[in-house]
Number of protein chains: 2
Amino acid sequence: MNRAERTARNFKIVLSYDGTDYHGWQIQPGKRTIQGTIEEALSKIARKRIAVVGAGRTDAGVHARGQAAHFKAALSLSEPELFKALNALLPDDIRITALKEVPLDFHARRDAKGKIYQYRIRLSREIDPFVVRYALHWPYPLNLKRMREAARLFQRKGDFSGFSSNRLLHPVREIVRSELHKKGDEIVVTLEAGGFLRHMVRTIVGTLLEVGRGRIEPAAIEEIFRDKKRTLASPTAPAKGLCLLKVLY
Amino acid sequence: MNRAERTARNFKIVLSYDGTDYHGWQIQPGKRTIQGTIEEALSKIARKRIAVVGAGRTDAGVHARGQAAHFKAALSLSEPELFKALNALLPDDIRITALKEVPLDFHARRDAKGKIYQYRIRLSREIDPFVVRYALHWPYPLNLKRMREAARLFQRKGDFSGFSSNRLLHPVREIVRSELHKKGDEIVVTLEAGGFLRHMVRTIVGTLLEVGRGRIEPAAIEEIFRDKKRTLASPTAPAKGLCLLKVLY
């Protein structure tokens, strides 16, 4: 064990980012990613490659107001010093909002108890250039009452295979909160669960939109839960409306 | 006179744009500009080069919620058809919010009676990635009372040479409204005048910030009006906080 390993400390960070100009969270060669950008800043401070472990991956274009991550580094900086140094090196569209030292065995993904996502749908005939990066623009009528009814059907423990883009051995998840609110000219969908399958939030929102347009009945949702077939569910809603609001520990 | 000229119609448009990713309004070779992007879209519709005349130029990074412009084109499309076609061809960060046919002698710049600009200063220790494109981030204390007092001094008719980055033969302008409001965690400066000199709004805001920080007294503003020297005034505030709210006709 070398000296650096012996004196390594573990840090938890909370992050806000505008995902528009990034190819998602996860590092990909030759592409600008959130994880890659943070690791670059950290590596400048530590003068060696530091790996950042996120609570979960966000797709290209998805935003965050409360993503969480951890990294281990043998640094002598205090928490406020590291917080400032990191934000000074990060671009304005990625911000650390909190940083604290945690026990060495803390793991941002494995210790996460849950996640809260929000999806914004802006109801308006015309696009607003100042909102279009952060909300799906929706110029068609939607039946809010039916969408609320449908949203309630997702608040359950069950096999969400029909609402995911990949097949897992353990596809059972529990959504403990599935709500739909009208706020000004926007519909905001809030989903909370211990964990989500890939594209699950965006497929649920896609399905809610199909219900709102009258293309499918809320009852069809029960059918998708029974048949577990992704082909029955609706198109995945675009990334830009989605925001990872909070990771629960 | 050819047929196209004979049947040319004149159109007034009102525009919203997020100026972040543009090199300002005015066409520059090899650079992405607002005017250039609109002319490109129009030229696709008209199948010939159409020139767009703006009410005024906005600098690189400056936004607009109510820029105005006109263009002449021999088109047979109705107003709603042209409105839709233009927005369909424009990127999401430039939007036409109104379009109407106007008399052939209407001129967006010469007929403008005034302009209203707004400048947003966000008071917060940390940068918010979802606001940083649209407001100046200001983490230091500001004396609002003194800034309000100073803002009132700009509401006048006078020689604004000291607050502009170029020298004009006729530097007299009249600011009919100079206000400063606190709105949540933001200070919003609103200025209305028949016309503004180059960088005038941003230099006035820069001066208000110097007053707010206690670096200069409000009385120093009178001195700049007397001496008409740009060197006495404060640094030009960054473009991103500025938005052209409305052009008055």
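Residue numbers start from 1 in every chain, and the chains themselves are labelled A, B, ... in the order their sequence lines are given, proteins ahead of strands.
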Less than 4.5 Å to any heavy atom of chain B: does that hold for the side chain of Y134(A), its backbone, both, or neither?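 The answer is the side chain of Y134(A).
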
Quick one: which of T20(B), D93(B), N87(B) has the most heavy-atom pairs under 4.5 Å with chain A, could you say? D93(B)

Heavy atoms only, distances under 4.5 angstrom: which of R95(B), E126(B), H63(B) has the most pairs with chain A? Name it, please. R95(B)

Can you confirm if the aromatic rings of Y17(A) and Y22(A) lie within a centre distance of less than 6.0 Å? no

Is it the case that over 12 heavy atoms from other parts of the model lie below 6.0 angstrom from the NZ atom of K84(B)?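 Not more than 12 within 6.0 Å, no.
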
More than 12 heavy atoms from other groups under 6.0 Å of CZ on R57(A): no

Test: R133(A) and D21(A) ion pair at under 4.0 Å: yes

